[in-house]
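Everything on this sheet refers to the single structure shown next.
Throughout, a chain's letter reflects where its sequence line sits, starting with A, and its residues are numbered from 1.
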Protein chains: 2
Amino acid sequence: MLTQAAEDYLKSIYKLQEKGGKVSTGILAEYLDVKPASATGMIKKLKSMNLVSHERYQGVTLTDAGKVIALEVIRHHRLLELYLFKALGIPWDGVHEEAEKLEHVISEDVEARMDEFLGYPTADPHGSPIPDKNGVVPETVSMPMTSLQNGQSCVVAEVSDSDSALLRHLGSFNLYPGTAFQVIEVAPFEGPFTIDIAGQQAVIGREVAKNIFVSNVQET
Amino acid sequence: MLTQAAEDYLKSIYKLQEKGGKVSTGILAEYLDVKPASATGMIKKLKSMNLVSHERYQGVTLTDAGKVIALEVIRHHRLLELYLFKALGIPWDGVHEEAEKLEHVISEDVEARMDEFLGYPTADPHGSPIPDKNGVVPETVSMPMTSLQNGQSCVVAEVSDSDSALLRHLGSFNLYPGTAFQVIEVAPFEGPFTIDIAGQQAVIGREVAKNIFVSNVQET
DNA sequence: TATATAATTTAGGTAAGCCTAAAATAATTT
DNA sequence: AAATTATTTTAGGCTTACCTAAATTATATA
Ligand SMILES: [Mn+2]
Ligand SMILES: [Mn+2]
Ligand SMILES: [Mn+2]
Ligand SMILES: [Mn+2]
């Protein structure tokens, strides 16, 4: 079994390489809130286990074996988030932190039983896809809310899950995955979005909108 | 927050001092499957945190502060066992191992929600008492099965939870906490017990019987 | 192209928590 | 009481995963 730290590195490399290929040591260190020297050390260890490919100064990528483990940890994390949300009623702004610790500790048996209890779900409470037990990630199509135009309607697909205060803010507008809304106005000069959610108006700033991804975009 | 190792030491000291006052370094090391030198090291650390009292060569006991933490970990463990058993259907011979890891990782919020889901239970699947959220341990009265006499009837109160194979063996006879049985025969010279469980006869060896505790003992 | 800046790696350290081997202390036997 | 045996502690090592500071390499700028 890998250590918790090693699993977190693999998971992070996976997420970072999804948007941008090779992952630099500095980016990885910043993402994990450690110093670059620490990241270098772990990269060496992971390389010796053939879980990552790495050449000095050239960034790191997962090997196939490393990807399998990364997806396994991500599956644990997202299944746990949904389970804690649905079975124990933990609010969606609290599940990430719990799952971050539990993901390294649950057995494959617990994983399978949660999966069954939840009816083999494909997305966590924040809309992120849950890899299936073979590591296949459900396809998702979404675009950042910031690319929406005046008058367009859409459905919330996914929101970033790690900022608890942001999630509470979105919850106050009922902006959960699956929620439909329409853009009433986009203020000029990179200004905020005024939107209509089931008849209720809300003003969403740029910084918040960057963390919201939408699908089913239509002109109205 | 204490480390997982420190929490396990406190939990173990609590259990060992329940039956025999001061806990020797050797007994503690054997219980935790580490060398005595390692136990000495951790005892020093716990003493520096005022969680245990210790004088060289004289054994160790928990301080009040240490007891609070020990009971908190035991509460986590037993609530988790019951939750995994009832909510996820994990068999009673598998819950101990899972709980051993999860106990150090769940939040007070998860603890409280499991407690509520389970209806504020007082015993885990093996009959061990669950300390309440204030650290109060429910009173239990039981005696070892080995002290039973011919013809006596009783109810299973508690079985030891750490040996998975033993638990499967007991399960094959339906010997769960709450199960009633009657002693048909006690073979002489420290021999096995022949018992009647709801009309089914079973032969229980001495070594197995040592791990079973009973209550409601009555002559018939 | 030479120099300045930024990113990355190397070198050396710390803290947990385990280990083995040797020394110290306590308990038991003669 | 002395000698033997058992228990406990000390001393010194190892691994993981982090750190800071210095050296190296790559990239950007003049
Ligand atoms: Mn994690
Ligand atoms: Mn999530
Ligand atoms: Mn434990
Ligand atoms: Mn138990």
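- Bracketed by its first and final contacts, the part of DNA chain C lying under 4.0 Å from non-hydrogen atoms of chain B reaches from C:dA16 to C:dA26 in 5' to 3' order.
- Sorted by first and then second residue, the ring-ring contact (aromatic ring centres under 6.0 Å, His included) pairs involving residues 88-122 of chain A (not counting sequence neighbours) are A:His77-A:His96, A:Tyr83-A:Phe117, A:Trp92-A:His126, A:Trp92-A:Tyr176.
- With sequence neighbours left out, B:Arg56 forms a side chain to side chain donor-acceptor pair (under 3.5 Å) with no residue at all.
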So which protein N/O to nucleotides 8-11 of chain D N/O distances come out below 3.5 Å?
{"residue": "D:dT8", "atom": "OP2", "partner": "B:Gly26", "partner atom": "N", "Å": "2.8"}
{"residue": "D:dT8", "atom": "O2", "partner": "B:Tyr57", "partner atom": "OH", "Å": "3.2"}
{"residue": "D:dT9", "atom": "OP1", "partner": "B:His54", "partner atom": "NE2", "Å": "3.0"}
{"residue": "D:dT9", "atom": "OP1", "partner": "B:Tyr57", "partner atom": "N", "Å": "3.2"}
{"residue": "D:dT9", "atom": "OP2", "partner": "B:Thr25", "partner atom": "OG1", "Å": "2.9"}
{"residue": "D:dT9", "atom": "OP2", "partner": "B:Thr40", "partner atom": "OG1", "Å": "2.9"}
{"residue": "D:dT10", "atom": "OP2", "partner": "B:Lys44", "partner atom": "NZ", "Å": "2.7"}

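- The residues B:Glu18 and B:Lys15 are annotated as not salt-bridged, no charged nitrogen and carboxylate oxygen being separated by less than 4.0 angstrom.
- One atom, CE of A:Met42, and another, P of D:dT16, lie 9 Å apart when rounded to the nearest Å.
- Donor-acceptor pairing under 3.5 Å is lacking for the side chains of A:Arg168 and A:Ser172.
- Taking side-chain N and O atoms only, A:Lys45 has a distance below 4.0 Å to OP1 or OP2 of D:dA17.
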Kindly list each side-chain donor-acceptor pair under 3.5 angstrom involving residues 27-36 of chain A, sequence neighbours excluded, with atom names and distances?
none

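- Five base pairs at each end of the helix from C:dT1-D:dA30 to C:dT30-D:dA1 define two local axes, and these are offset by 10° (rounded to 10°).
- Listed by chain and residue number, nothing satisfies the salt bridge (Lys or Arg N to Asp or Glu O under 4.0 Å) test with A:Lys86 (two or more places apart in sequence, or in another chain).
- Summarising the geometry, atom CE belonging to A:Met42 is positioned 9.0 Å from atom CG belonging to A:Asp8; distances are rounded to the nearest 0.5 Å.
- Residues of residues 9-21 of chain B having a heavy atom closer than 4.0 Å to DNA chain D: none are found.
- By the side chain to side chain donor-acceptor pair (under 3.5 Å) test, A:His76 pairs with A:Glu72, A:Glu108, A:Glu111, sequence neighbours left out.
- For B:Glu158, the side-chain contact (heavy atoms from CB on, under 4.5 Å) partners are B:Ser128, B:Pro129, B:Phe213, not counting sequence neighbours.
- For A:Thr140, there are no side chain to side chain donor-acceptor pair (under 3.5 Å) partners two or more places apart in sequence or in a different chain.
- For B:Thr63, the side chain to side chain donor-acceptor pair (under 3.5 Å) test picks out no residue, with sequence neighbours left out.
- Distance A:Asp8 CG to D:dC18 C1': 14 Å, rounded to the nearest Å.
- Comment: A:Glu100 engages A:Lys11 in a salt bridge, judged by a side-chain N to carboxylate O separation of less than 4.0 angstrom.
- Considering A:Leu80, A:Leu82, A:Ile74 in turn, A:Ile74 is the only one that fulfils the side chain to side chain contact (heavy atoms under 4.5 Å, CB included) rule with A:Arg78.
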